[in-house]
Structure formats: C-alpha cells, structure tokens
J.: 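Right, I'll just put the structure down here and ask away after.
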Amino acid sequence: MINRRKFILSSVFSSAAVLAGKLAASQSAPRNLKGNPLVISTWDAGLSANRAAWEILGKGGRALDAVEKGVMDTESSINCCVGLGANPDRDGFVTLDASIMDEFANCGSVAFLERIKHPVSVARRVMEKTPHVMLVGSGAQQFAIAEGFPLEEQKLSESAQKAYTEWLKTSEYKPVINIENKGHGPSAPSQFENGEWNHDTIGMVAMDTNGNLSGSCTTSGMGFKMRGRLGDSPIIGAGLFVDNEIGACTATGQGEDVIRVAGSHTVVELMRQGLSPEAACKSAINRIIRIKGDKAKSIQVAFLALNKKGQVGAYAIQKGFSYAIRTNAGEKLIPAKSFYS
Ligand code: ASP
C-alpha cells in the first residue's frame, strides 16, 4: 500500500515541478547502468563530435553536457553543412535548427535561427532559462543575443557557395537530401575529407557513467529549401527523443518524412515494447516506406538509437548511412543496414 503522506508529498513535489516548468537537475533519475559511458552520432563527422563529447563523458561528466559539446564541434567546422557555412535556403540564407533533451525530459529547441554559431547552445538556454520548449526566427535570435551569443556574419563555405551558385542556374526546387552515393563504411572515401560533404545534420545521443541519457540534434536543414521551412531536427519527438527509462533516438534525412511518423519518439516507444535499438529503427523506417510507397526509393531517412542497457542500433532507407560510436573501448564508424542495398 502506498504511504499516504509520501504520496501527498510526491504529488506536491510533482505539481511544483510542473508549475516551475522544469525538473531540477539535482532530482535523481532512474539509473540502470553505471560506469559504461558511450556516445553515438550520425555520419562521419560524428567521429570528431564524439571525441569532443568524450572529453566530458570520459571524465564522468553528465550526458547533457557531452551532447551539447559534441555537436558544437560540428557546428564550428567550416567544411561541414551544419553551421554558418552550410548550404543556404533557396533565397541564399543559412537558417539553423537545433534541439536538446536531458534525462528529466527537459527539452529545448530553436528553429529558423540565423547568424548564430551554436544553435544547440541556444536550444539549451531555451530549455534552462525559459518556460518554453521552442523559439523560432527573429525571436530565437533576439533571445540568443540577450543571452550573450554574438551575431555572426553568414559565411558560406566554398563548397556551399559553389553548390548554391550551381543551383541558381536552374533554381529548380529539388532540396538536397542525405543520400550518399560513394559507398560507406570505414574503407569508403569520407565525403568530409574530400570536401564534398552534403549531410546537413548531426544527431547525437549519449549515456553517462550514471547511466543517464541525453541527446542533441543540429542542422542547417535541406540545402536550397523554401525560406521558412523547418525539418524534424528541432522538433522534439521527430528529430530527437530521450526517455531516460527506455532509451534515446535521433534522426537524419528527409525531415518531412521523419515528422510524419513522429520518428524518434516512435523508435523509443518501440524499444519500450521490447525491440532492440536496430529492430526499433527498422520498424520505424518500414513505416515510412509503407506510407511513401515507390517514392521511398528517392528519399533517405535514418534513425540511430541507444537503449538503457547501452545497446545501440541504426537503420536507414538507403545504403550509405553510417554512425560513429565512442566507448571506453575506443571509437568506430559503423555502416548501418538499410532497406535498399
Ligand atoms: N533532417 C534534416 C532536415 O530535414 C536534414 C538532414 O538530416 O540532413 O532538416
């Protein structure tokens, strides 16, 4: 029987927490696995991002800090299509989306944010300093400036400028998606190294030494998208979802189709039903394929997930998606299985 006084106290605590809009970081979270931190993130750039995350995880730090620091590495990279040098929208502006979520189901996101170098950190401030989950456009930018983030100049990378100039010749509305045509896996040529990077997103999920989970996702969205378009990355439950009792998932690829199936949330719910991370990702991908029919042949979506036991898995529509993993045992780039081979 539940002790009535305890019950009332915990109800009062929960209501107060809900009223405050946030759960305190000091509140203890369920802990199932201790001592084996790990981090996974999307695409080849994940290797470098994981190293940044490991600086925190490897010292026993919190997963939330690790996933912020990890993807900031990618946001800072001049040659990568995530930060300010990324592919612009069809009007020539780089617009950025990001989200972050911690072990207490606290979450924050920004979307359609311009001229701010680290959208993921602004998303974290939204989570920690406002009663809201999501800020967009000029409001998100004003909030970032008020929080001390400098307003930067947009500076397209050489490859983004070249691609945009090329695109302007026809201005055909065909947003670029994450289909990699050059093979995959550790032996395949890295698009990043070749300066031909066309992946517009990094998603990262991690488990810390306390067994707590967090995730982050940051993107410039599809290259040459319509002005104002948002994808899945800033939408909690689509591009990112964390449930500290079950697991965490992030997505990359055609955001519209991730949103359609509430992708990352779906994967976590499938893991709740007992599926392994890979089987859960596969099931969510199959759902998209059923919806899209033949059109699935020309899109890419990939999910990457981690469960509370520290098992990881991924699945994609197209061949070519790989993810990076870092554990106490070292780091690795792993090619994901896919529906089309
Ligand atoms: N999912 C991102 C979006 O649709 C794009 C990507 O993953 O490259 O905005």
Side-chain angles (χ1 to χ4, degrees), residues 13-14 16-34 36-42 49-50 52-73 75 97-111 118-135 143 147 202-218 232-251 264-265 267-269 271-272 277 304-308 310 312:
F13 178 78
S14 320
V18 169
L19 275 179
K22 304 289 167 199
L23 293 169
S26 57
Q27 188 189 348
S28 67
R31 290 173 176 181
N32 293 348
L33 189 91
K34 291 194 177 186
N36 292 304
L38 76 88
V39 57
I40 47 176
S41 53
T42 57
N50 285 356
W54 199 255
E55 284 171 24
I56 290 172
L57 287 177
K59 291 180 191 143
R62 189 177 169 204
L64 178 70
D65 296 325
V67 297
E68 180 189 5
K69 187 151 186 226
V71 302
M72 281 172 75
D73 173 82
E75 287 176 342
D97 306 331
S99 60
I100 193 159
M101 189 161 186
D102 75 8
E103 70 270 38
F104 304 107
N106 292 320
C107 46
S109 77
V110 287
H118 289 300
V120 72
S121 301
V122 186
R124 182 165 178 179
R125 298 284 174 94
V126 172
M127 172 175 104
E128 291 178 338
K129 294 203 164 177
T130 79
H132 308 303
V133 165
M134 194 168 195
L135 290 181
F143 171 72
E147 283 294 311
I202 181 152
M204 172 178 280
V205 292
M207 176 183 278
D208 61 30
T209 47
N210 288 321
N212 287 326
L213 310 178
S214 288
S216 60
C217 191
T218 183
D232 57 313
S233 308
I235 298 177
I236 299 297
L240 177 70
F241 194 69
V242 177
D243 180 327
N244 202 45
E245 285 182 6
I246 304 299
C249 178
T250 188
S264 292
H265 181 262
V267 170
V268 171
E269 289 309 302
M271 292 196 287
R272 191 190 305 279
L304 174 62
L306 159 69
N307 70 13
K308 195 68 182 173
V312 303

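This is a predicted model, so every value here is computed, not measured. Quick note: residue numbers are just sequence positions, from 1.
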J.: Out of curiosity, S99 OG to I235 CD1, how far, rounded to the nearest 0.5 Å?
T.: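 Going from the OG atom of S99 to the CD1 atom of I235 covers 9.5 Å.
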
J.: Do V205 and M101 come close enough that some side-chain heavy atom pair is under 4.5 Å?
T.: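 Counting from C-beta outward, V205 and M101 never come under 4.5 Å.
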
J.: So, using side chain to side chain contact (heavy atoms under 4.5 Å, CB included) as the criterion, who are the partners of A251 when residues are at least two apart?
T.: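 For A251, the residues satisfying side chain to side chain contact (heavy atoms under 4.5 Å, CB included) (neighbours in sequence not counted) are D232, V258, S264, F303.
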
J.: As an exercise, state the distance from CZ of R62 to CD1 of I56, rounded to the nearest 0.5 Å.
T.: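 It comes to 11.0 Å.
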
J.: H265: which residues meet the ring pair (Phe, Tyr, Trp, His ring centres under 6.0 Å) condition with it, sequence neighbours left out?
T.: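 Once residues adjacent in sequence are excluded, the partners of H265 under the ring pair (Phe, Tyr, Trp, His ring centres under 6.0 Å) criterion are F241.
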
J.: Apply side chain to side chain contact (heavy atoms under 4.5 Å, CB included) to M72 and V120, showing your working.
T.: CA-CA 7 Å; M72 281 172 75; V120 72; 3.7 Å; yes

J.: Taking the side chain as every heavy atom from C-beta outward, state whether E68 and H118 have any atom pair closer than 4.5 Å.
T.: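 No, side chains not in contact.
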
J.: Kindly write out the residues that satisfy side chain to side chain donor-acceptor pair (under 3.5 Å) with E55, not counting sequence neighbours, or none if the list is empty.
T.: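 Listed in chain order: K69.
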
J.: For S214, give me all partners under side chain to side chain donor-acceptor pair (under 3.5 Å), at least two apart in sequence or on another chain.
T.: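 Listed in chain order: nothing, the list is empty.
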
J.: Determine, for R124 against D65, whether the closest basic-nitrogen to carboxylate-oxygen distance falls under 4.0 angstrom.
T.: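 Between D65 and R124 there is a salt bridge, with a charged N closer than 4.0 Å to a carboxylate O.
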
J.: For D73, enumerate each residue passing the salt bridge (Lys or Arg N to Asp or Glu O under 4.0 Å) test, keeping only those at least two apart in sequence or located in another chain.
T.: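 By the salt bridge (Lys or Arg N to Asp or Glu O under 4.0 Å) rule, D73 matches no residue at all.
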
J.: For V39, enumerate each residue passing the side chain to side chain contact (heavy atoms under 4.5 Å, CB included) test, keeping only those at least two apart in sequence or located in another chain.
T.: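 With neighbours one apart ignored, the set is N50, A53, W54, L57, M204, A206, R326.
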
J.: Side-chain contact test, heavy atoms from C-beta onward, threshold under 4.5 Å: evaluate it for V133 versus C107 and give yes or no.
T.: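 Yes, their side chains come closer than 4.5 Å.
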
J.: So how far is it from M271 CE to I246 CD1, rounded to the nearest 0.5 Å?
T.: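 M271 atom CE to I246 atom CD1 measures 8.0 Å (nearest 0.5 Å).
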
J.: Indicate the atoms forming the closest heavy-atom contact of A305 with V267, along with that distance.
T.: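 Answer, listing the atom of A305 first, then V267: CB-CG1, 3.8 Å.
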
J.: Closest approach of L213 and D243, non-hydrogen atoms and distance?
T.: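 Distance-wise, the nearest heavy atoms are CD1-O, 3.9 Å.
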
J.: Mind listing the closest non-hydrogen atom pair of C217 and G239 along with its distance?
T.: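 Shortest heavy-atom separation between C217 and G239 comes out as SG-O, 4.0 Å.
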
J.: From C249 SG over to I40 CD1, what is the distance, rounded to the nearest 0.5 angstrom?
T.: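 CD1 of I40 is found 8.5 Å from SG of C249.
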
J.: Which heavy atom in G61 sits nearest to a heavy atom in D208, and how many Å separate them?
T.: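 Nearest heavy atoms, G61 then D208: O-CB, 3.3 Å.
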
J.: What are the two closest heavy atoms between M134 and V126, and how far apart are they?
T.: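 Closest approach of M134 to V126: N-CG1, 4.1 Å.
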
J.: Check step by step if side chain to side chain contact (heavy atoms under 4.5 Å, CB included) holds for D102 and M127.
T.: CA-CA 10 Å; D102 75 8; M127 172 175 104; 4.0 Å; yes

J.: With T218, which residues qualify under side chain to side chain donor-acceptor pair (under 3.5 Å), at least two apart?
T.: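 T218 satisfies side chain to side chain donor-acceptor pair (under 3.5 Å) with E75 only.
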
J.: If you take all heavy atoms of L240 and G215, which pair is closest and at what distance?
T.: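 Between these two residues, the closest heavy atoms are CD2-O, 3.4 Å.
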
J.: Would you say the side chain of K308 lies within less than 4.5 Å of the side chain of N244, judging by non-hydrogen atoms?
T.: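 Heavy-atom side-chain distance check passes, below 4.5 Å.
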
